[in-house]
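What follows is a short report on a single structure.
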Amino acid sequence: SLDCSGFVSYAWSTGNYFTTRSLPHHMISKPVSWGALAPGDIVNVAGSHVRLVEAIGTGPHGRVVKVIESSSSKRCGGVCRSSYAEFDLKISGYRPYRRLNLKTP
C-alpha cells in the first residue's frame with residue numbers, strides 16, 4: 001500500500017515519489033492561500049502527513065475541507081475520505097499547495 005506522500009505523488013502524476021518534505025518544492029507545487037484552496041490541491045505538514053483536497057464546504061463553524069488520504073485505518077482499506085475543519089488543519093500546521101504543470105520526459 002502507498003503511504004500518504006506516495007498516494008499524492010501518484011494522484012498528482014509526478015512520475016516520481018515525493019515525500020511530505022519534498023512535495024512543497026518550487027518545481028512541483030506552489031503555496032496557495034487557504035481562501036484559494038480548491039479540489040486537487042493538497043494540505044501538507046512537512047515531515048508528517050499530506051492530504052489531497054476533494055472539496056471545500058461550509059460547516060456550522062466555518063469552512064470544511066473534504067480530503068482523500070492514505071491511512072492505516074482499517075475502516076477504509078488504506079484510502080479514506082475524511083472531512084476536517086479548516087481551522088483545525090491550520091492549527092495543526094497544515095499548509096496548502098497547488099500542483100504545477102510539470103513536463104515529464
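We count residues from 1, following the sequence as given. Predicted model, so just to flag it, every value in this text is computed and none were measured.
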> Can you name the closest pair of heavy atoms from A55 and P39 and give their distance?
Replying inline: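 Shortest heavy-atom separation between A55 and P39 comes out as CA-CG, 4.2 Å.
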
>> To check you understand the geometry: which heavy-atom pair defines the closest contact between S82 and E69, and what is its length?
In response: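 Taking every non-hydrogen atom into account, OG-OE2, 3.2 Å.
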
Which atom pairs, donor and acceptor, lie under 3.5 Å between side-chain atoms of residues 40-48 and protein residues at least two apart or in another chain?
from	atom 1	to	atom 2	distance (Å)
D41	OD1	R98	NE	2.8
D41	OD2	A38	N	2.8
D41	OD2	R98	NE	3.4
D41	OD2	R98	NH2	2.8
N44	ND2	T20	O	2.9

> Transitive ILVMFWY cluster of Y17 at side-chain heavy atoms under 4.5 Å: who else is in it?
Replying inline: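 Besides Y17, the cluster holds no residue at all.
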
If you group Ile, Leu, Val, Met, Phe, Trp and Tyr by side-chain heavy-atom gaps below 4.5 Å, do [X] and [Y] land in one group?
| X | Y | answer |
| --- | --- | --- |
| V8 | V53 | no |
| L52 | I28 | yes |
| L37 | Y97 | no |
| L89 | V64 | no |

> Does K66 have any salt bridge (charged side-chain N to carboxylate O under 4.0 Å, His left out) partners at least two apart in sequence or in another chain, and if so, which?
Replying inline: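 Partners of K66 under the salt bridge (charged side-chain N to carboxylate O under 4.0 Å, His left out) test: none.
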
Test item: [X] and [Y] side chains (from C-beta on) under 4.5 Å apart, heavy atoms:
| X | Y | answer |
| --- | --- | --- |
| I68 | C80 | no |
| V50 | F7 | no |
| Y84 | R51 | yes |

> Is atom CZ of R95 surrounded by more than 12 heavy atoms (other residues, nucleotides or ligands) closer than 6.0 Å?
Replying inline: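 Check fails, neighbour count at 12 or below.
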
> Considering residues, nucleotides and ligands other than K30, do more than 12 of their heavy atoms fall under 6.0 Å from its NZ?
Replying inline: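 No, NZ of K30 has 12 or fewer neighbouring heavy atoms, counting only those of other groups under 6.0 Å.
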
> Between S22 (side chain) and F18 (backbone), is there a donor-acceptor pair under 3.5 Å?
Replying inline: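 Side chain of S22 to backbone of F18, a donor-acceptor pair under 3.5 Å: no, none is there.
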
>> Between S5 and L23, is the side chain to side chain contact (heavy atoms under 4.5 Å, CB included) condition met? List the steps.
In response: CA-CA 8 Å; S5 51; L23 280 165; 4.2 Å; yes

> Would you say the side chains of Y94 and E86 form a donor-acceptor pair under 3.5 Å?
Replying inline: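 The answer is no; no qualifying pair exists.
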
>> To the closest 0.5 Å, what do you measure between OG (S92) and CZ (F87)?
In response: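 Here the rounded value is 9.5 Å.
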
